[in-house]
Amino acid sequence: MAIRKFRLFLASGVEKEERWLTDMSAKGLHMEKSRLGFYTFEEDESKSYVYQIDFQQGANEDYFQVFKDLGWEPVTGWADMFQYFRTEASQEGIKKIYSDRESVMESYKRMMRVYLFLFFMLILTQLPIWLTWDGHFYQVVVITLSTLVILLYIYMLIALKSKINLYWRN
């Protein structure tokens, strides 16, 4: 039986999402799909998985084969950027997809580049509203909403930069 849950995670919170999915699996709920914060789970208390997420654009068959060879089953992808993998929790010596700091840091750098591009595109799309400002109600609503999204992006970009710096120092 499919169970749906809603939970939002920022790109900078990949580890939190991985822990949540792993905890859900320990309770017998195993993720099948993820779309915009909506997760679909299959219920099966006889299994338990550990989940990992990789940020990889344009993943191809060779990419997935590498993870399959290492014992990670591809589950789903989101926006052709986030790839979800799982492996049985009962396996001995489960290792993270990326166990060295350089690989983790490179994954965060890829995220940072994509989200910086999206951030600047968001700013550019809002310029016409600012440049033609005459105080209409719809402009106030759009500016308010876009300002909230911009602040969220700034928070996420700062968090990503902090994670990159953390791995750089260690």
Side-chain angles (χ1 to χ4, degrees), residues 5-27 29-41 48-60 62-126 145-170:
K5 296 204 176 263
F6 179 76
R7 184 100 184 243
L8 283 178
F9 293 94
L10 293 178
S12 57
V14 167
E15 297 93 355
K16 289 179 186 177
E17 186 176 5
E18 291 171 345
R19 279 192 304 275
W20 181 70
L21 291 170
T22 300
D23 290 345
M24 295 298 287
S25 183
K27 296 174 185 174
L29 297 176
H30 314 294
M31 186 190 70
E32 297 294 323
K33 288 192 302 188
S34 171
R35 297 287 181 266
L36 296 171
F38 291 96
Y39 295 83
T40 304
F41 294 91
S48 184
Y49 295 104
V50 173
Y51 287 84
Q52 293 282 289
I53 303 167
D54 185 29
F55 186 85
Q56 183 68 40
Q57 290 181 284
N60 59 26
D62 292 338
Y63 166 83
F64 288 110
Q65 190 60 51
V66 167
F67 290 106
K68 287 177 188 174
D69 293 345
L70 295 171
W72 290 94
E73 170 192 357
V75 179
T76 189
W78 185 79
D80 194 34
M81 291 187 284
F82 290 94
Q83 309 302 326
Y84 291 79
F85 297 92
R86 69 183 176 197
T87 191
E88 294 204 22
S90 61
Q91 279 189 354
E92 295 277 330
I94 297 171
K95 294 190 177 187
K96 293 184 75 67
I97 287 177
Y98 296 126
S99 54
D100 62 302
R101 70 178 187 86
E102 290 85 12
S103 297
V104 175
M105 190 170 62
E106 190 55 41
S107 179
Y108 282 124
K109 284 181 179 180
R110 286 192 306 268
M111 259 189 249
M112 182 74 135
R113 285 189 294 269
V114 168
Y115 282 100
L116 270 173
F117 173 77
L118 292 174
F119 177 73
F120 287 119
M121 294 306 294
L122 174 65
I123 298 292
L124 285 175
T125 61
Q126 300 310 304
L145 291 174
S146 64
T147 300
L148 291 172
V149 171
I150 288 168
L151 291 173
L152 188 63
Y153 260 90
I154 290 170
Y155 171 80
M156 184 179 59
L157 291 170
I158 290 170
L160 283 171
K161 183 63 175 160
S162 296
K163 287 180 186 263
I164 292 168
N165 288 342
L166 176 71
Y167 283 101
W168 179 258
R169 280 181 264 154
N170 289 336

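Throughout, residue positions are numbered sequentially from 1 according to the sequence presented.
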Considering only heavy atoms from C-beta outward, does the side chain of [X] approach that of [Y] to under 4.5 Å?
| X | Y | answer |
| --- | --- | --- |
| Y153 | L118 | yes |
| L116 | M112 | yes |
| Y51 | T87 | no |
| E88 | S48 | no |
| E106 | E102 | no |

Is the backbone of [Y] close enough, under 3.5 Å, to the side chain of [X] for a donor and an acceptor to pair up by distance?
| X | Y | value |
| --- | --- | --- |
| S162 | I158 | yes |
| K163 | S12 | yes |
| S107 | S103 | no |

Item to complete: Kindly determine whether Y63 and F67 satisfy ring-ring contact (aromatic ring centres under 6.0 Å, His included), including the steps that lead there.
Response: CA-CA 7 Å; Y63 166 83; F67 290 106; 4.9 Å; yes
Gap between atom [atom2] of [Y] and atom [atom1] of [X] - 0.5 Å precision:
| X | Y | atom1 | atom2 | result |
| --- | --- | --- | --- | --- |
| T40 | M31 | OG1 | CE | 9.5 Å |
| I53 | F85 | CD1 | CZ | 10.5 Å |
| Y115 | L122 | OH | CG | 13.0 Å |
| L166 | M105 | CG | CE | 10.5 Å |
| L70 | Q65 | CG | CD | 10.0 Å |
| Q83 | Q57 | CD | CD | 10.0 Å |

Worksheet item: Salt-bridged, R86 to E32, with N to O below 4.0 Å?
Response: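 Looking at E32 together with R86, the answer is yes, because their closest N to O distance falls below 4.0 Å.
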Worksheet item: Should the pair K16-D23 be classified as a salt bridge under the 4.0 Å nitrogen-to-oxygen rule?
Response: no
Nearest heavy-atom neighbours spanning [X] and [Y]:
| X | Y | value |
| --- | --- | --- |
| W78 | S34 | CD1-O, 3.3 Å |
| I150 | F119 | CG2-CE1, 3.8 Å |
| K5 | L29 | CE-CD1, 3.9 Å |
| K68 | P74 | CE-CG, 3.7 Å |
| Y108 | L160 | CD2-CD2, 3.6 Å |

Discussion item. Surrounding CZ of F117 (heavy atoms of other residues, nucleotides or ligands, distance under 6.0 Å), is the total greater than 12?
Written reply: no
Taking the six-membered ring for Trp, are [X] and [Y] ring centroids under 6.0 Å apart?
| X | Y | answer |
| --- | --- | --- |
| W20 | Y39 | yes |
| Y49 | H30 | yes |
| F55 | F82 | yes |

Practice prompt. Assess whether side-chain contact (heavy atoms from CB on, under 4.5 Å) is satisfied between L36 and L8, documenting all intermediate values.
Written response: CA-CA 8 Å; L36 296 171; L8 283 178; over 6 Å; no
Fill in: Full working for side-chain contact (heavy atoms from CB on, under 4.5 Å) between R110 and Q56
CA-CA 8 Å; R110 286 192 306 268; Q56 183 68 40; 3.6 Å; yes
Discussion item. Using side chain to side chain donor-acceptor pair (under 3.5 Å), reason through Y84 and E17 one step at a time and then give a plain yes or no.
Written reply: CA-CA 10 Å; Y84 291 79; E17 186 176 5; 2.6 Å; yes
Worksheet item: Could you walk me through whether Q126 and T147 pass the side-chain contact (heavy atoms from CB on, under 4.5 Å) check?
Response: CA-CA 9 Å; Q126 300 310 304; T147 300; over 6 Å; no
